[in-house]
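Okay, structure first, notes after.
We're numbering straight along the sequence, starting at 1.
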Amino acid sequence: MTRILQTIAWATLVVAFAGCGSPIGPTSGVIRFDDGTPVTAGSIEFRRRSDEERFASRIGPTGSFAPTDPQGEIGLPPGSYDVVVVQIVMTEDLAKEAHRHGQTVPRRYADYYTSDLKVEIAENQQAPIELVIESQPEH
């Protein structure tokens, strides 16, 4: 009976600590335009080159994001990634002065074939990800 109780206690500890491990890779990042202003709206997605697994996040008003896998786990595991930034801005009925979304992300960043954004995550890397994209030219 003691052996059974020890086995149950050990199994309980394993289950309890299984979800308490440290996050894998960076859990946050920031994206800015080349003039230093943050991207203030949209979504960012990382696609791992080795298996095409995707990690995504909404972009906050300060340019911050937290890459998350499809199961809801935050963190970007080691590997090479292609990155896209998607922004859907409905402003056709607004004057330019009434826009509240900040600078618009150039369309090329919304497609893996034209984005050219790449990220390399090293083993044991925990530092936040920092990305810089080109500003959209004024028309």
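For Phe33 against Glu134, the heavy-atom pair with the smallest separation is CD2-O, 3.7 Å. Between Pro106 and Ser135 the shortest heavy-atom distance is CG-C, 4.2 Å. Of all heavy-atom pairs between Pro38 and Pro61, the closest is CG-O, 4.1 Å. Nearest heavy atoms, Pro26 versus Ile121: CD-CG2, 3.6 Å. Closest non-hydrogen pair, Pro67 versus Ile129, comes out as CG-CD1, 4.3 Å. For the residue pair Gly25 and Gln126, the shortest heavy atom distance occurs at O-OE1, 3.5 Å.
Summarising the local packing, CD of Glu130 is surrounded by 12 or fewer heavy atoms from other residues, nucleotides or ligands at distances under 6.0 Å. Remark: Arg58 CZ is loosely packed, at most 12 non-hydrogen atoms of other residues, nucleotides or ligands lying under 6.0 Å away.
When atom types are taken as modelled, the side chain of Gln87 and the backbone of Ala41 share a donor-acceptor pair closer than 3.5 angstrom. Side-chain N or O atoms of Ser115 include one that pairs as donor or acceptor with a backbone N or O of Val83 at under 3.5 Å. With hydrogens and angles ignored, the 3.5 Å screen pairs no side-chain donor or acceptor of Thr62 with any backbone N or O of Gly60.
In this structure Glu73 satisfies the salt bridge (charged side-chain N to carboxylate O under 4.0 Å, His left out) test with no other residue, sequence neighbours excluded. Take Asp34 and apply the salt bridge (charged side-chain N to carboxylate O under 4.0 Å, His left out) test, not counting sequence neighbours, and it matches no residue.
Val85 has its side chain within reach of Ile59: a pair of non-hydrogen atoms, C-beta onward, lies under 4.5 Å apart. Between Pro77 and Arg48 there is a side-chain heavy-atom pair separated by less than 4.5 Å. Side-chain atoms of Val105 and Ile31, non-hydrogen and from C-beta on, never get closer than 4.5 Å to each other. Looking at heavy atoms from C-beta onward, Gln125 lies out of side-chain contact with Glu120 at the 4.5 angstrom threshold.
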message: Test side-chain contact (heavy atoms from CB on, under 4.5 Å) on Arg108 and Asp116; report intermediate values, then the result.
response: CA-CA 9 Å; Arg108 75 181 187 95; Asp116 293 329; 3.6 Å; yes
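Atom CZ of Arg47 is separated from atom OG of Ser80 by 12.5 Å, given to the nearest 0.5 angstrom. In this structure, Asn124 CG and Ile24 CD1 are separated by 11.0 Å, a value rounded to the nearest 0.5 Å.
Checked against Phe46 for a side chain to side chain contact (heavy atoms under 4.5 Å, CB included), the options Leu76, Leu117, Asp82, Val84 give a single hit: Leu76.
There is no path of hydrophobic side-chain contacts, each under 4.5 Å, that joins Leu131 to Val30.
The salt bridge (Lys or Arg N to Asp or Glu O under 4.0 Å) pairs that include a residue from residues 37-46 are Glu45-Arg54, where partners are two or more places apart or lie in different chains.
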